[in-house]
Protein chains: 2
Amino acid sequence: MNRSGSTKERILAAAETLFAQRGFDGASLRQLTSDAGVNLAAVNYHFGSKEKLVEQVFRRRLDALNAQRLAALARVAGQPDTRLEDVLDAFIRPALELSHEDSGSLFMRVLARAFAEHDDSLRKFLSENYGHVMRQFTAEFARLLPQLSKEELYWRIDLVTGALTHAMSGFGMIQRKSDVSERTHREQTVAHLTRFAAAGLRAGA
Amino acid sequence: MNRSGSTKERILAAAETLFAQRGFDGASLRQLTSDAGVNLAAVNYHFGSKEKLVEQVFRRRLDALNAQRLAALARVAGQPDTRLEDVLDAFIRPALELSHEDSGSLFMRVLARAFAEHDDSLRKFLSENYGHVMRQFTAEFARLLPQLSKEELYWRIDLVTGALTHAMSGFGMIQRKSDVSERTHREQTVAHLTRFAAAGLRAGA
DNA sequence: TTGTCGTTCAAACGATCGTTTGAGCATACG
DNA sequence: CGTATGCTCAAACGATCGTTTGAACGACAA
């Protein structure tokens with residue numbers, strides 16, 4: 001039972017963990033509030049409903065992720081000597097840092113779950129709130145890969161996103177070994193992903 | 001309401017669709033049996049429990065997928081003139097064909113959902129039942145990419161799998177346009193994925 | 001002290017869940 | 001014919017769900 005922070009913060013932290021473990025439907029408010037050490041009614045009091053709590057869990061993490069991505073992109077984009085690897089790093093590293101924060105590693109399971117739920121409302125939510133981030137990255141990729149048609153580029157960015165999501169979810173054959181620090185493992189993941197994605201994006205060039 | 005086939009078949013078909021739409025927890029047996037046009041008790045009569053129904057949904061599709069993958073791999077592996085693209089095609093095409101069958105496009109959402117659930121029992125289930133397939137593909141990839149260390153190879157196969165899963169789930173920016181046939185779209189997807197993955201696997205060579 | 005406001009609490013609400021039950025039906029075999 | 005077998009059916013079971021309620025609490029202002 002978590003006893004640090006305000007009631008709202010305790011709920012959000014417990015929600016992120018439990019949603020990742022049991023899914024949005026599988027996680028009951030009774031279990032959630034018990035883990036958080038708060039009363040059952042606190043969720044509806046502070047968030048209005050379970051559904052709105054889910055949305056808050058998303059917003060809290062995605063706002064931070066996209067802010068970091070945009071800041072990282074701004075540091076490298078538009079320069080005459082920008083390397084493809086720099087843009088990929090700005091795209092990949094914030095996501096992996098998020099997925100390796102203390103309880104943040106669980107958020108990516110939450111996100112993967114949401115991708116799996118995958119109804120149009122989620123697509124609309126992401127597009128409306130964070131679509132401009134993808135547009136900025138796409139524009140920079142297009143600048144550095146002028147030989148690719150717009151359709152080709154969209155395809156390849158999609159595939160990079162898929163590889164990134166997979167690496168974040170931690171489901172693959174590759175697992176962090178116990179004798180490797182989280183930071184080292186993250187750096188290795190960034191390196192592998194960047195090299196793989198850069199080659200994939202440049203394919204046929 | 002589906003009225004063709006036996007009760008068991010109707011349940012399996014409806015389950016695949018509804019699990020994909022609502023998730024394993026979110027899909028109720030009452031909705032499921034209503035869609036299938038069978039009695040509520042039929043699930044427990046024919047499958048024993050909801051959980052065993054879920055397992056049957058998995059087995060039915062994964063058995064077919066892995067059989068096709070192994071058959072395709074056997075046609076190209078071990079030859080002196082095998083191309084990396086041939087092995088990738090054997091890995092990718094059966095998955096995409098499965099995901100484009102009439103109701104099969106929904107199965108990949110089911111699978112993506114299961115990946116998101118992502119507890120160790122699923123990992124164990126996949127490893128025990130279909131691990132030998134991945135081992136055969138890995139061996140052939142290793143033969144064609146001798147310059148890669150074992151760890152590098154595992155990483156890259158993981159990333160290829162992520163890109164494939166993403167493409168199958170249909171969540172990316174790329175959506176099939178209404179004026180393109182399913183077959184054409186599948187062939188385009190195979191082509192994009194193969195080119196991207198081949199370049200990624202060969203990176204640094 | 002009294003009153004107010006934000007918050008927490010135990011308890012209960014109605015709805016829905018997976019599962020079980022036992023009667024009823026059809027077909028096949030003696 | 002009788003009856004055994006495989007299956008379907010409506011109905012009910014207990015459990016658990018998200019949500020609501022109204023009382024109680026603590027801090028602070030009048």
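Computed over heavy atoms, backbone and side chain alike; hydrogens, waters and symmetry mates excluded. Letters A, B, ... mirror the listed sequences (proteins, then strands); counts begin at 1.
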(request) Could you tell me the separation between the CD atom of B:Gln31 and the P atom of C:dA15, rounded to a whole number of Å? (result) 18 Å
(message) In whole Å, I'd like the distance from the CG atom of B:Leu29 to the P atom of D:dA12.
(response) 20 Å
(message) For A:Gln79, I'd like to know if atom CD has over 12 heavy atoms of other residues, nucleotides or ligands within 6.0 Å.
(response) yes
(request) In whole angstrom, give the distance that lies between atom CZ of A:Arg22 and atom P of D:dC17. (result) 11 Å
(message) Between B:Thr7 and D:dT8, is there a contact of a side-chain N or O with OP1 or OP2 at under 4.0 Å?
(response) yes
(message) Check the phosphate of D:dC17 against A:Ser28, side-chain N and O only, distance under 4.0 Å to OP1 or OP2. Yes or no?
(response) yes
(request) May I have the distance from B:Arg30 (atom CZ) to D:dA12 (atom P), rounded to whole angstrom? (result) 13 Å
(message) If you compare all heavy atoms of A:Thr138 against all heavy atoms of A:Tyr154, which two are closest, and at what distance to 0.1 Å?
(response) CG2-CE2, 3.6 Å
(request) Starting at atom CG of B:Asp25, determine the distance to atom C1' of D:dG18, rounded to an integer number of angstrom. (result) 15 Å
(request) For the residue pair A:Phe91 and A:Phe141, categorise the inter-ring angle as parallel (less than 30°), tilted (30 to 60°) or perpendicular (more than 60°). (result) perpendicular
(request) Kindly write out the residues that satisfy side chain to side chain contact (heavy atoms under 4.5 Å, CB included) with A:Ala199, not counting sequence neighbours, or none if the list is empty. (result) B:Ala203
(request) Find the distance B:Leu32:CG to C:dT16:P and express it as a whole number of Å. (result) 17 Å
(request) Can you label the angle between the A:Phe24 ring and the A:Phe58 ring as parallel, tilted or perpendicular, going by 30° and 60°? (result) tilted
(request) Using whole Å, report how far CG of B:Asn39 lies from P of C:dT19. (result) 15 Å
(request) Can you tell me the distance, in whole Å, between the CZ atom of B:Phe24 and the P atom of C:dG18? (result) 13 Å
(request) Tell me, please, which residues at least two apart from B:Arg69 pass salt bridge (Lys or Arg N to Asp or Glu O under 4.0 Å). (result) none
(request) Check DNA chain C against residues 40-48 of chain B and give the residues with a non-hydrogen atom under 4.0 Å, in numerical order. (result) B:Leu40, B:Ala41, B:Asn44
